[in-house]
**Q** 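One structure, pasted below without further comment.
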Amino acid sequence: MATNFPLSDAVTGKPIDRRDGRAKVTGAALYAADQPIPDVLHAVLVTSTIAAGRVTGIDTRATMAVPGVAQVLSHENAQKLPQGGRAAVDPPAGRVMTLLQDPKVLYNGQPIAVVVADTLEHAKAGAEAVRVSYATDAGVLGFVAAKASMYPPKKLNKGEVDTSHGDVAGALSAASVAVDSLYRTPMVHHNPMEPHATIAAWDGDRLTIYDATQFIGGDQKTVARTLGIDPKHVRVVCPFVGGGFGCKGSTWSHVVLAAMAAQKAGRPVKLVVDRTQMWGPVGGRPMTEQRVALGADAGGKLTAQRHDTISHTSTFEDFVETSSLVTRMLYAGEARATTHRLVKLNVGTPTFQRAPGESTGSFALESAIDEMAERAGIDPLEMRIRNHADRSPEGMPWSSKSLLACYRQGAERFGWSRRDAKPMSQRDGDEWVGYGMATATYPANRSKASARATVGQDGVAVVRSGTQDLGTGTWTVMAQVAADALGFPLDKVRFELGDSDFPEAPVSGGSQSAASVSPAVQTVCIEARQQLLMLATKDAASPLANVAASDLTIENGWFRSLADPSKRESVAAVMRRAKTPVDVEASSAPGAEKSRFSMHSFGAIFVEARVDADLGRIRIPRVVGVYGVGNRLNAKTAHSQLLGGIVWGLGMALFEESVLDSRNGRFVNASLAEYHVPVNADIGSIDVTFVDEQDPYINPLGVKGIGEIGIVGVAGAVANAIYNATGKRVRDLPITLDKVMTA
Ligand code: MOS
């Protein structure tokens, strides 16, 4: 497979502005809850206030007295669903939902009733008036105590649960230098600009769902199977997503509850998950406790690597934070062992959150590498170079890897050579200044995807795929790919997404949409172009009639003979005479390369930390990130993806933590206002660049995903920079000032 991109005159790769940008900033873009559905009723979730037990009574008299309240759905009157509502539990879309099928309460914040009214205000007033009584069980809320009952999960979504190669214990005890530390990362919760939201509208036995989702196809199948109806009778529409980050990769309870409520009410129902309800029924990143033990010889070469991850899940579904995966593939070396264990708590099931596994796992591993480098007396960057894996430690050659180039370019742009290895060696006024770095990596995933291209009489191509745009640029980049493959100018191409009636595409998760959907768009447009060429040569009225197809090209929306450029005609002119539009559907799937190569993106991240010597206040004035991610479909959206990922990595490093009240299972700071994220006063310049990388195996466009790698490595680099500044090694995220003061 050869890459045929970038073409020198291609629009693909150019920093084109987002095509949906104007609609978004002017408010014209219709997100799920904005869809103007006539006659819609408003639903509000009533959620449990205990962590474990059961509902013994629901008093709705006051609620029904609120004007405009149409109904209260609870376990007492909800539709009985096939298999107790658990007919579709295949992740990523299918998860174990809580759908009012019984009075059990499994976590605080669990939906226990749905109040439906004519207005949102009436529904809210009605929900507040519901009186619930409970029989409360003790429940399990303490991670430390619950660890006594930890267990291995049945499977991971990728790879084995545990791996072991060589004599790790022996190599550790024989090592010249060794570290063995515990690292902890907290529960955190997604806070996309757009919360989860669903409008469900029935037309007879057909259901249309306007949903905020990363996976319209998965939503469609999950809702259909859960309700026990034909997936063909469910249509999911989602033209815009106001951020997903993993939480919208699964179909959570509120989606099905909206459909149930709409069915009961006989009218469309809109259900927007309240901001505070983002903590509970819709996932979040699990907390982890990770033990990393490393051994190296005197030259700093790793001789042993061990990474054991314990993460929490709910009492009713296993979700694994796969933090140990990164240690399986990042550095060279023989002896290596990794494990994953779960601890059950009475909380909502956690879920995918940007770079699930890699972001948390790399914090531990990259901190441990920094600790090793110091013990070995080797520069941390040099330590990583000495342990560079030229082949994947998991056995296969890389499809492409530019990590050494990323290290070089990053060190240069950052000024790494100015670093003094000794902590507390740089002081500027009240602040200690430190430098730290880390490696970033994320799998280059790709799945089968399909697309359809139609060229009508106006000479405009409409290309459709059932994919999603989470704010990442799918609307724009797919139009760019289509324009180049067709030979059309960008303004003669419309790309449409977000409708399950369109050809199927995978979940926009695992950073795979660009790498999966662009080959399908390219393939279908190349086929459409072939049909256009045939049409022109067979059109007796065209100046191109009887020109050999091999002598004909399409450029900028015009047919042209290669031999005689004066022979030309616009695509629109030919299409006006054609009786039927050109209409093609095609798919593209990974080939044998997927099993012959290990496919990953890599990057290097460098951080300057400034820590107030008395107050422990931390600021990050400077970050340099350099990435090898194959070809970029759009230089501007790619840059924005990495920039955003790094900012979130800084939030993960310094601020984010959902504080669980172990008495009742509530999150103390379940509010966007009290949930801390970085602001301009905390961070400064973020310099994102790329190295040229051609990957001939990942897909025909040589495109690797970039949605998640940006967050990876940041927390480790920050921890390492703070150590270099202050001599305080904090192994427990977030690195708040109190920890720096007391470490
Ligand atoms: Mo990403 S956490 O797989 O949406």
Side-chain angles (χ1 to χ4, degrees), residues 90-95 156-159 185 187-196 211-219 222 238 240-252 278 282-288 311 313 319-323 325-326 348-363 440-447 449 467-474 497-498 505-517 599-601 629 637 640-642 644-649 651-652 656 658 704-715:
D90 317 307
R95 305 293 296 269
L156 307 185
N157 48 27
K158 183 180 169 234
T185 63
M187 292 185 190
V188 293
H189 285 83
H190 313 69
N191 279 286
M193 292 269 283
E194 177 203 31
H196 295 262
D211 196 25
T213 176
Q214 294 174 226
F215 192 13
I216 51 177
D219 221 18
T222 302
C238 177
F240 303 103
V241 186
F245 312 111
C247 63
K248 293 174 184 161
S250 305
T251 301
W252 301 104
M278 294 298 290
V282 289
R285 198 196 290 283
M287 71 162 83
T288 72
S311 60
T313 190
F319 175 84
V320 190
E321 178 78 5
T322 50
S323 306
L325 292 189
V326 66
T349 310
T351 195
F352 318 99
Q353 190 179 101
R354 206 171 202 173
E358 286 77 11
S359 49
T360 46
S362 79
F363 162 65
T441 186
Y442 193 76
N445 295 316
R446 180 185 171 200
S447 301
T467 183
Q468 304 76 208
D469 188 330
L470 317 187
T472 46
T474 320
L497 52 74
V507 59
S508 290
S511 296
Q512 69 172 342
S513 278
S516 305
V517 180
M599 299 181 177
H600 288 260
S601 293
V629 292
T637 54
S640 297
Q641 280 284 286
L642 273 304
I646 290 171
V647 173
W648 201 3
M652 174 184 173
E656 282 190 66
S658 293
K704 295 175 174 177
I706 48 176
E708 306 185 64
I709 190 172
I711 196 174
V712 183
V714 181

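One-based numbering, in listed order, for ligands and for the atoms of each.
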**Q** Under 4.0 Å from a heavy atom of R354: which atoms of ligand 1 are those, numbered in the order shown and with their elements?
**A** 2 (S)
**Q** Would you mind listing which atoms of ligand 1 come within a distance below 4.0 Å of any non-hydrogen atom of F352?
**A** 2 (S)
**Q** Okay, side chain of E708, backbone of G510: is any donor-acceptor separation there less than 3.5 Å?
**A** yes
**Q** Counting from 1, what ligand 1 atoms have a heavy atom of E708 closer than 4.0 Å?
**A** 1 (Mo), 2 (S), 3 (O)
**Q** Side chains of E321 and T360 only: does a donor on one sit below 3.5 Å from an acceptor on the other?
**A** yes
**Q** Return yes if some donor-acceptor pair links the side-chain N/O of T474 with the main-chain N/O of Q468 below 3.5 Å, else return no.
**A** yes
**Q** Would a distance-only check, ignoring hydrogens and angles, find a side-chain to backbone donor-acceptor pair under 3.5 Å from Q512 to G705?
**A** no
**Q** So, T351 side chain and C247 main chain: donor-acceptor pair closer than 3.5 Å or not?
**A** no
**Q** Hey, does P356 come in under 3.5 Å of ligand 1, counting only N/O atoms on both sides?
**A** no
**Q** Mind checking whether F245 has an N or O less than 3.5 Å away from an N or O of ligand 1?
**A** no
**Q** Where is the nearest protein heavy atom to atom 3 (O) of ligand 1: which residue, which atom, and how far?
**A** G510 N, 2.6 Å
**Q** Could you tell me whether Q214 and ligand 1 have an N or O pair separated by under 3.5 Å?
**A** yes
**Q** Could you tell me whether a side-chain N or O of H190 sits under 3.5 Å from a main-chain N or O of M278, the two making a donor and an acceptor?
**A** no
